[in-house]
Novice: 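Let me give you the structure first, and then I'll get to my questions.
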Amino acid sequence: MPWAVDRSGAPHFRLVNTSSDELRGVTVSISGSASLRVSSPSSVRPGEAVRASLHGGDPARDTLLVVRWFPPDGREYLWQVSF
């Protein structure tokens with residue numbers, strides 16, 4: 001998994017690219033009662049992060065964050081994050 005979640009500033013989160021590859025086509029979305037604000041660049045270099053803020057609802061109870069990206073091999077990946 002090329003991502004690490006920094007939860008130290010909750011409800012503001014950082015999704016850090018821990019791989020040695022630039023990840024392209026990065027999108028972040030949520031499912032649940034919380035609302036999301038995200039600064040999602042289309043590509044994330046190694047060591048860089050996507051910043052996301054959740055507001056409202058009870059994220060630990062009913063919200064999933066979904067990250068989508070393409071590594072250099074062009075395959076599509078999805079990853080769910082629970083709070």
Novice: Going by heavy atoms in the side chains, are Glu76 and Arg68 under 4.5 Å from each other?
Specialist: yes
Novice: Between Ser43 (side chain only) and Leu23 (backbone N and O only), is there a donor and an acceptor less than 3.5 Å apart?
Specialist: no
Novice: Can you check side-chain contact (heavy atoms from CB on, under 4.5 Å) on Trp79 and Val5, steps first, answer last?
Specialist: CA-CA 12 Å; Trp79 183 48; Val5 181; 3.7 Å; yes
Novice: So do the side chains of Leu64 and Ile30 get within less than 4.5 Å of each other, counting heavy atoms only?
Specialist: no
Novice: Among side-chain atoms of Ser19 and Asp21, is any donor-acceptor pair under 3.5 angstrom?
Specialist: no
Novice: Partners of Tyr77 by ring-ring contact (aromatic ring centres under 6.0 Å, His included), sequence neighbours excluded?
Specialist: Trp69
Novice: So do the side chains of Thr63 and Leu65 get within less than 4.5 Å of each other, counting heavy atoms only?
Specialist: no
Novice: For residues Ser33 and Asp62, report the shortest heavy-atom separation together with the two atoms involved.
Specialist: OG-OD2, 2.9 Å
Novice: Minimum heavy-atom separation for Arg7 to Val81, with atom names?
Specialist: NH2-CG1, 3.7 Å
Novice: Same cluster for Val16 and Val38 if Ile/Leu/Val/Met/Phe/Trp/Tyr side chains link at under 4.5 Å?
Specialist: no
Novice: Do Leu15 and Leu36 sit in one hydrophobic cluster, given that two such residues count as connected whenever their side-chain heavy atoms are within less than 4.5 Å of each other, even indirectly?
Specialist: yes
Novice: May I ask you to check whether over 12 heavy atoms, not counting those of Arg61, lie within 6.0 Å of atom CZ?
Specialist: no
Novice: Ignoring hydrogens and angles, tell me if any N or O in the side chain of Ser35 forms a donor-acceptor pair with the backbone of His55 under 3.5 Å.
Specialist: yes
Novice: Test: salt bridge (charged side-chain N to carboxylate O under 4.0 Å, His left out). Region: residues 31-49. Which pairs qualify, not counting sequence neighbours?
Specialist: none
Novice: Determine whether a donor-acceptor pair (N or O, by modelled atom type, separation under 3.5 Å) exists between the side chain of Asn17 and the backbone of Val44.
Specialist: yes
Novice: Is the closest side-chain heavy-atom distance between Met1 and Val67 below 4.5 Å?
Specialist: no
Novice: Taking all non-hydrogen atoms of both residues, which atom of Gly56 and which atom of Ala34 are closest, and how far apart?
Specialist: O-CB, 3.5 Å
